[in-house]
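Taking it in order: structure first as structure tokens, then the write-up.
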Amino acid sequence: MAGVRLATWNVNSAKAREPRLLGWLDERAPDVVCLQETKLSDEAFDESFGAPLAERGYAVAHHGEGRWNGVALLSRVGLDDVEEGLPGGPGYPHQEARAVTATCGGLRVTSVYVPNGRDPADPHYAYKLEWLAALRDRVEAAGADSAVVAGDFNIAPADPDVYSVEAFAESTHVTPPEREALAALLKTGLHDVTRERWPDERVFTYWDYRGGAFHQDRGMRIDLVLAGEPVARRRAALWVDRQARKGTGPSDHAPVILDLDEAPDGDIGPVVPPPSLGAKKGGSRKKS
DNA sequence: ATGTCGTCGATCCGACGA
């Protein structure tokens with residue numbers, strides 16, 4: 001598979017973001033996009049975006065419920081074996097539209113919108129932890145190697161991922177159980193590619209609409225791209241598209257964009273190595 | 001920055017969720 005640009009973006013209503021979303025796709029030209037909080041039914045999403053996305057070459061897997069939640073995958077490198085939700089996962093009380101998975105360009109991609117949790121004392125918080133455990137089980141069962149799990153995790157993995165530790169005392173997003181649930185997910189073999197790329201930098205993906213938070217960079221890093229080891233090794237570039245958080249009518253989240261180099265052992269047919277590499281050791285083709 | 005934003009119900013604002 002050739003190089004792939006993968007992005008994740010919580011759009012906070014696809015309908016409200018329609019002009020910006022389409023403009024952003026044209027500008028950044030991602031091959032695979034994980035969307036969250038589309039806040040549309042499948043029918044409404046198709047009505048608004050079916051034609052413009054098809055025009056741009058994207059296949060679409062939307063999993064929505066209407067007013068709340070809603071996730072989608074857009075891909076122009078193939079979109080197969082779609083799975084909606086987390087099989088056997090928890091509900092609140094019904095299973096919500098918070099995950100959609102498909103195979104795109106040899107990657108098993110899941111777009112996730114992890115429950116917010118609201119407050120550590122709220123039942124929604126327990127639901128959040130259960131949901132994360134179900135996600136972990138799902139990734140483990142499917143195998144992490146080709147996996148990309150990207151989206152709004154509603155968890156800041158570590159203290160540097162929030163603008164102020166004090167401001168989040170007693171709040172969700174930073175509690176040890178949430179971070180442990182994320183750590184358990186990573187332990188299946190996933191890498192936090194943003195932090196690996198920017199180990200010591202201040203990197204946020206979400207800024208509250210209130211109080212000029214964006215311009216003061218009072219944000220959090222809660223939108224994550226987690227990738228299996230073989231995928232993470234292909235990382236060529238990774239950045240937060242802060243441009244998309246500026247201007248009129250932005251989402252409160254910025255997209256995260258990951259560029260992957262061509263897979264070293266692609267399955268796109270016979271690869272004839274240049275003569276200089278013809279005798280490279282370990283070059284035998286693995287079946288897949 | 002408890003001065004925002006989006007959604008919906010049944011309006012021309014107030015609730016709720018984030």
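Letters A, B, ... are given to chains in the order of the sequence lines, protein chains preceding strands, and every chain is numbered from 1. Heavy-atom basis, side chains included; hydrogens, waters and symmetry copies ignored. Note that the coordinates shown come from a computational prediction; the quantities given were computed from them, not determined experimentally.
- If you take atom C1' in B:dT7 and the same atom in B:dC12, they sit 16 Å apart, rounded to whole Å.
- Separating the P atom of B:dG6 from that of B:dT11 is a span of 23 Å, rounded to the nearest Å.
- Here the separation of B:dC8 from B:dG3, taken at their P atoms, is 26 Å to the nearest Å.
- In this structure, B:dG3 forms no base pair with any nucleotide, since neither Watson-Crick nor G-U wobble geometry is met with both distances under 3.5 Å.
- At a cut-off of 3.5 Å, with distance as the only test, a side-chain donor of A:Glu37 or A:Asn10 sits close to an acceptor on the other residue.
- Scanning DNA chain B 5' to 3' for nucleotides with an atom closer than 4.0 angstrom to a non-hydrogen atom of chain A gives a first and last hit of B:dA1 to B:dA18.
- Near DNA chain B, meaning a heavy atom under 4.0 Å from it, residues 151-167 of chain A has no residue at all.
- In this model, no donor atom of one side chain and acceptor atom of the other lie less than 3.5 Å apart for A:Arg17 and A:Ser251.
- With the nearest nucleotide of DNA chain B identified for both A:His253 and A:Arg17, A:Arg17 has the one nearer the 5' end.
- Distance noted for atom C1' between B:dA1 and B:dC13: 24 Å (whole Å).
- B:dA10 and B:dC16 have their C1' atoms separated by 16 Å, given to the nearest Å.
- Of the N and O atoms on the side chains of A:Trp207 and A:Asp217, at least one donor lies less than 3.5 Å from an acceptor on the other residue.
- Of all the residues in residues 169-181 of chain A, not one reaches under 4.0 Å from DNA chain B with any non-hydrogen atom.
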Between A:Phe45 and A:Glu43, does a side chain to side chain contact (heavy atoms under 4.5 Å, CB included) hold up when you go through it step by step?
CA-CA 5 Å; A:Phe45 187 87; A:Glu43 296 72 23; over 6 Å; no
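- Less than 6.0 angstrom separates the ring centroid of A:His124 from the ring centroid of A:Tyr92.
- For the residue pair A:Arg234 and A:Glu262, the shortest heavy atom distance occurs at NE-C, 3.8 Å.
- Taking the six-membered ring where the residue is Trp, A:Trp24 and A:Trp9 present tilted rings, their angle falling between 30° and 60°.
- Residues A:Tyr163 and A:Phe168 bring their aromatic ring centres within 6.0 Å.
- Residue A:Glu201 qualifies as enclosed at atom CD: its count of foreign heavy atoms under 6.0 Å is above 12.
- At a threshold of 4.0 Å, the pair A:Asp159-A:Arg179 counts as salt-bridged, since one of the basic side-chain nitrogens sits closer than that to a carboxylate oxygen.
- At the heavy-atom level, A:Tyr113 lies under 4.0 Å from the strands shown only through sugar-phosphate atoms.
- Comparing A:Thr38 and A:Asn116 by the nucleotide of DNA chain B that holds the closest heavy atom to each, the one mapping nearer the 5' end is A:Thr38.
- Taking 4.5 Å as the limit, every side-chain heavy atom of A:Phe49 sits out of range of all side-chain heavy atoms of A:Thr38.
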